[in-house]
Amino acid sequence: MNLEGTIAHGAAQDLLNVVPTSAVLGAEIRGIDLKSLDNAQFEAFRRAWHQHEVLLVRGQTLSDQDLVAFSRRFGDLDWAPVQETGRRFVEGLPEIYIVSNVKVNGEPIGSLGSGEAVWHTDMSYLDVPPMASMLYALEIPPAGGNTSFCSMYAVYDALPAELRQRIATLKIKHDGTYNSGGYLRQGVTATNDPRTSPGAVHPLVCTHPDTGRQMLYLGRRRNAYLLGLELSESEALLNELWQYAERPEFSWEHVWQVGDLVMWDNRCTMHRRDPFDDTARRIMHRTQIKGSARPV
Ligand code: OGA
Ligand code: MN
């Protein structure tokens, strides 16, 4: 545990061992079993999550029911999203989304395959996207498949004042056609026209409902569209903003071990995944906690 962690985290630190990463976001919580957090520890966990945006807890042994039960302490859950293979969930538990390249009898058991998953926020093509996602590692390949997270508070804070002013009242459409793996969602018509593709419209700059901090809300790059602008203007401005979002100094990369649980704030962070060897197996189970209101 580092000294900075002890000083900076005061009350939460008395209840939990919070060890921040050396990046702008992320912390590991050590020495807990998510099956048996008492209410005071749970509240400290929630505070640490608001502060660090992404939390890692290693060495967990969670059944699917345990994962759902812990997730539900934060609120109601959304069902697994519809992806390239339809709605891939755990039998009898539609809240558990399976991210996997594994095939059984030639049928994928999950979504996203083994390729890169590009920077994105989960399910922001919905009017009320989930406030959080929790990803639990069941099987991990020997190499590759690392997941990175970036802070959209840090990205917003880094924008020059002139650019912040230019985007202050803009609205952005978050596309619902393709997922982060580049696959067409089942049942959706392919399109590459950002102006007409299906999706949800959100403010480009949002205020986090719990922390009050401002953040840039990009969702994903493909088919994004800034309402009211010519397509070429929208593309140019989005490209400019994405150059900030993709700067390495705003992100933290996680190298998975079996038994890791990572919970991210799906409003103020984005994430991406490295590709991995498709002959290796990777199985992750995810829950998504419903948001309480449209982003504002
Ligand atoms: C997700 C996701 C990336 C990964 O579960 O939302 O984008 O690391 N997963 O599998
Ligand atoms: Mn995702």
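Counting convention: from 1, in listed order, for ligands and their atoms alike. These values consider heavy atoms only, across backbone and side chains, with no hydrogens, waters or symmetry-generated copies.
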Hey, could you give me each pair passing salt bridge (charged side-chain N to carboxylate O under 4.0 Å, His left out) that has a residue in [range]? Not counting sequence neighbours.
range	result
residues 53-68	Arg58-Asp260
residues 80-106	Arg88-Glu107
residues 127-151	Asp127-Arg294, Glu139-Arg281

Subject >> side chain to side chain contact (heavy atoms under 4.5 Å, CB included) assessment of His174 paired with Val201 >> reply: CA-CA 6 Å; His174 290 218; Val201 173; over 6 Å; no
Subject >> ligand 1: protein residues within heavy-atom distance under 4.0 Å >> reply: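 If the criterion is a heavy atom under 4.0 Å, then ligand 1 touches Val99, His120, Asp122, Leu135, Thr147, Trp264, His271, Arg273, Arg282, Arg286.
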Original post:
Can the positive tip of Arg222 be found less than 6.0 Å from the middle of the six-membered ring of Tyr178, inside 45° of the ring normal?
Top reply: yes
**OP:** Could you check which N/O/S atom of Asp122 is closest to the Mn ion (ligand 2)?
**Re:** OD1
**OP:** Count the heavy atoms belonging to other residues, nucleotides or ligands that lie under 6.0 Å from CD of Glu230, then report whether that count exceeds 12.
**Re:** no
